[in-house]
Protein chains: 2
Amino acid sequence: MDSTVADTSAEGIAADLALAIHEHRLPPATKLSEDEVGEVYGVSRTVVRAALQRLSHERLVDLKRNRGAYVAQPGVREAREVFEARALLEPRTARSAAERITPADLALLQRHIDEEHNALAKGEPGRALYLSGRFHVEIARIADQDTIADFIGQLVARSSLVIAVYWQRRGALCESHAHHALLQAMAAHDGALAEELMKAHLLDLLTSLDLRNRVSPPGSLREALGT
Amino acid sequence: MDSTVADTSAEGIAADLALAIHEHRLPPATKLSEDEVGEVYGVSRTVVRAALQRLSHERLVDLKRNRGAYVAQPGVREAREVFEARALLEPRTARSAAERITPADLALLQRHIDEEHNALAKGEPGRALYLSGRFHVEIARIADQDTIADFIGQLVARSSLVIAVYWQRRGALCESHAHHALLQAMAAHDGALAEELMKAHLLDLLTSLDLRNRVSPPGSLREALGT
DNA sequence: GCATTCATCATCGTATACAATTTTGTTCTG
DNA sequence: CAGAACAAAATTGTATACGATGATGAATGC
């Protein structure tokens with residue numbers, strides 16, 4: 001009855017829930033009852049609370065006092081702000097990354113793109129979305145900026161929530177082209193181009209959203225994580 | 001024997017500890033024992049743990065498994081990264097703020113600068129440092145970017161730790177000039193100038209650091225918060 | 001005399017119990 | 001039948017108890 005996840009620490013559970021949210025297995029507004037999560041992972045409410053508090057701080061869950069934890073539902077303002085923050089952080093970071101990228105890094109990014117393709121082919125769009133987000137974080141890591149990478153990681157996860165709520169191009173989440181072009185620019189150590197491509201990529205993402213509050217129905221915790 | 005703080009929720013305690021850290025009343029490496037903090041605020045370890053976890057996530061305290069919580073001591077790498085992240089976020093945000101600032105906002109910022117002066121005059125450099133940090137956060141709020149304001153708030157607090165460890169210009173923390181110049185540029189709605197001034201200001205801060213690990217001795221919790 | 005080992009102690013990690021709050025369902029009244 | 005008031009249930013907030021882990025210091029062997 002327990003989850004298949006080995007790490008039942010607060011961080012492990014938080015990471016697993018974050019992944020489920022990121023992959024859209026736990027849609028916005030899903031209630032995360034402490035008892036229920038505790039049963040799923042086989043731990044007491046104490047550690048579940050720690051995990052939920054962590055996710056709340058990352059703005060992935062909304063913690064309502066005396067009323068429980070829910071997967072966050074970013075509003076239009078937050079949706080815009082998240083992408084505006086990314087627009088400040090990522091283009092310049094992509095430039096840095098392009099200037100210092102190594103062959104090993106290039107291979108890693110290529111592998112990321114391939115996995116993303118495979119996930120899409122296997123009909124796992126949530127997984128593909130997650131991998132596509134990791135691509136952005138990986139770039140910050142290549143730029144040797146762990147602090148910025150952390151921020152981007154948070155923003156990418158929140159972007160996934162935004163996409164869950166406001167995405168309009170149903171089915172077609174074809175970021176691969178943009179990522180491939182970025183990879184090319186970085187392989188050529190063309191920092192200026194990488195910066196421009198990243199800027200355009202983020203703008204493209206933002207304009208693909210329909211910010212007139214389209215809401216998807218909340219899901220079930222047990223359904224998403226397996227009984 | 002309890003603290004004078006009214007709000008004994010986890011968030012309230014976290015905020016109070018964050019303030020103490022920001023104002024250098026709790027220097028880096030100070031041990032924050034769960035029992036001790038609990039006694040100071042008159043709550044059980046449960047709520048203290050929640051507060052410490054929150055601060056840990058903000059990188060203000062270092063949570064060592066089975067060994068306790070300590071006020072963080074940023075290394076040289078983190079010190080550099082924090083200011084590099086600020087350099088990406090703040091100049092453009094200052095430009096936005098300059099373009100949309102209102103007379104009420106200007107008055108608020110002026111009041112901030114005055115309070116900062118007063119604190120310095122009263123021999124409360126920690127308080128002045130905190131207020132100077134709030135000035136930066138306030139700019140992001142004026143730019144109407146709450147998400148970025150959150151990030152800057154975190155970075156400013158971490159900057160305070162960096163300053164506690166690496167500041168070399170002993171005594172002279174004369175940011176007021178830079179802040180005054182920024183205020184002037186914003187009053188004139190000169191976004192380009194505000195952006196440049198902010199960039200220079202951050203660079204100035206960074207170059208004022210001596211990144212050859214100078215460490216101040218850890219302090220006492222009770223001493224800092226009053227028995 | 002110094003290093004190593006082991007016992008003791010302090011502190012943290014987790015579970016559980018109970019109190020407080022909210023929600024829900026029922027009943028009564030207009 | 002609609003609405004309000006109340007009672008019951010469910011859920012979260014907090015405290016406490018106990019087990020686990022790492023630090024400290026004394027005793028032992030070399």
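In what follows, chains carry the letters A, B, and so on, assigned in the order in which the sequence lines appear, proteins first and then strands, with residues in each chain numbered from 1.
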Interatomic distance where [atom1] belongs to [X] and [atom2] belongs to [N] [whole Å]:
X       : N      : atom1 : atom2 : value
B/Asp7  : D/dG13 : CG    : C1'   : 14 Å
A/Tyr41 : C/dT14 : OH    : P     : 16 Å
A/Glu36 : D/dT12 : CD    : P     : 10 Å
B/Asp35 : C/dC12 : CG    : C1'   : 9 Å

I'd like to know if [X] pairs up with [Y] as an ion pair, taking the criterion as any Lys NZ or Arg NE/NH1/NH2 lying under 4.0 Å from an Asp or Glu carboxylate oxygen.
X        : Y       : result
A/Arg59  : A/Glu78 : no
A/Arg54  : A/Glu58 : yes
B/Asp144 : A/Arg77 : yes

Next on the checklist: Taking ring pair (Phe, Tyr, Trp, His ring centres under 6.0 Å) as the definition, give me every residue that meets it alongside A/His201, ordered by chain and number, with sequence neighbours left out.
Outcome noted: A/His136, A/His179
Checklist entry - Taking all atoms of both residues into account, what is the closest heavy-atom pair of A/Leu55 and A/Ala14, and its distance? => result CD2-O, 3.6 Å
Next on the checklist: Generate the contact string for nucleotides 14-22 of chain D. Rules: B means base contact, S means sugar-phosphate contact only, - means no protein heavy atom under 4.0 Å.
Outcome noted: BBBB---SS
Checklist entry - What residue pairs, at least two apart or across chains, pass ring-ring contact (aromatic ring centres under 6.0 Å, His included) with a residue in residues 47-92 of chain A? => result A/His57-B/His57
